[in-house]
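What follows is a single structure, written as structure tokens, with notes after it.
When a ligand or atom number is given, it counts from 1 through the structure's own listing order.
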Amino acid sequence: MTMNNRLLPTYDDVVAASKRLERVIHHTPILRSRTLNDRLGAEVFFKCENLQRTGAFKLRGAYNALSLFTPEQKRHGVLAYSTGNHSQAVALAAQILDMPALILMPEDAQAAKLAATRAYGAQVLTYNRFTEDREAISHRLAQERGMTVIPPFNHRDVIAGQGTAAMELLEQVPNLDYLFVCLGGGGLLAGSLLVAKQQTPDCKVYGAEPEAGNDAQQSLRAGRIITIPAPRTLADGAQTQALGELPFALIREHVQGILTATDEQLVEAMRFYAERMKIVVEPTGALSLAVAMHGGLDLSGSRVGILITGGNIDMARYARLLGE
Ligand SMILES: *Cc1c(COP(=O)(O)O)cnc(C)c1O
């Protein structure tokens, strides 16, 4: 696929997305922690997208993209493939907009995720992820049924929608010096950068990814998208093997840096959220706090935003991780 600059979203696209989303999403709260402020010598503000509908920010991008369908596209519906939060977001967005949705999920996906996606009214088809190619299947299905594929991050309207989370945060808490954003395929970080660059140009925005899957860090160094083998990390929302082309174009231009966290640091951050702040955060969602605590930056005296991206985790797994 060649890079098409016309598909890059702009700040105005994020503003337009925020109007579309106004009455659909929760305007999630900002939490604070005296303990963390004391530890870092900073003022820290947590944007709680783990409390968003479907349990993650992804409804923002999915709803924005689907609401821009033509009547013809809407009649045939949307197709998405994802193991995680994007599936549930597309399913709910399609239900709200009253269009058919087909979600392709691996047959060994968590039963709770399959059930949640079906509960939003989507048709779920499963495939064998060891023997079948999901992109080939989805393209065939999309053609047969005339459906539009909405990818989880490499799409202009998805990126613009994701940017509305940072936009809300900067409205709730102006003048941040730092903003930490979790990173998988880079859609959320790219959207956040569009907003921060416009609203608080001096704010330093950092991406946070797992140490075992630092493809974004490698890509920034190399100046091109580096693809890595599927990383082994607790952060299942960040097991992407490469950044999307559109996110990469925005990230390389505007990001201050990419920091990484180990699995132990993710568990420590999840435990902090549970014990100190009484909130459930999934491993991927804890990346931003983990790098703020361990990334080696001196944050003293500054105002720090931390985007918590999601809270979807199987309770048995959560108990196992925190019980260790
Ligand atoms: C999807 C997701 C991410 C990463 O978002 P990208 O746009 O792919 O970078 C981070 N955290 C959670 C909880 C997610 O669901």
Inset, instruction - Compute the ring centroids of Phe46 and Tyr273, then answer whether they are less than 6.0 Å apart. - result: yes
Legend entry - Side-chain (Gln241) to main-chain (Ile228) donor-acceptor, under 3.5 angstrom: yes
Legend entry - Donor-acceptor pair, side chain of Lys47 and main chain of Thr28, under 3.5 angstrom: yes
Legend entry - Lys74 to Phe69 six-membered ring, cation-pi geometry met (6.0 Å, 45°): no
Legend entry - Passing option when Pro9 is tested against Leu250, Val14, Asp157 for side chain to side chain contact (heavy atoms under 4.5 Å, CB included): Leu250
Legend entry - Donor-acceptor pair between Arg276 and Ser33 side chains, under 3.5 angstrom: no
Report each N/O pair between ligand 1 and the protein that falls under 3.5 Å, naming both atoms.
unit_1: ligand 1; atom_1: 7 (O); unit_2: Gly187; atom_2: N; d: 3.0
unit_1: ligand 1; atom_1: 7 (O); unit_2: Leu188; atom_2: N; d: 3.0
unit_1: ligand 1; atom_1: 8 (O); unit_2: Gly185; atom_2: N; d: 2.9
unit_1: ligand 1; atom_1: 9 (O); unit_2: Gly184; atom_2: N; d: 2.7
unit_1: ligand 1; atom_1: 9 (O); unit_2: Gly185; atom_2: N; d: 3.3
unit_1: ligand 1; atom_1: 9 (O); unit_2: Gly186; atom_2: N; d: 2.7
unit_1: ligand 1; atom_1: 11 (N); unit_2: Thr309; atom_2: OG1; d: 2.7
unit_1: ligand 1; atom_1: 15 (O); unit_2: Lys58; atom_2: NZ; d: 2.6
unit_1: ligand 1; atom_1: 15 (O); unit_2: Asn85; atom_2: ND2; d: 2.7

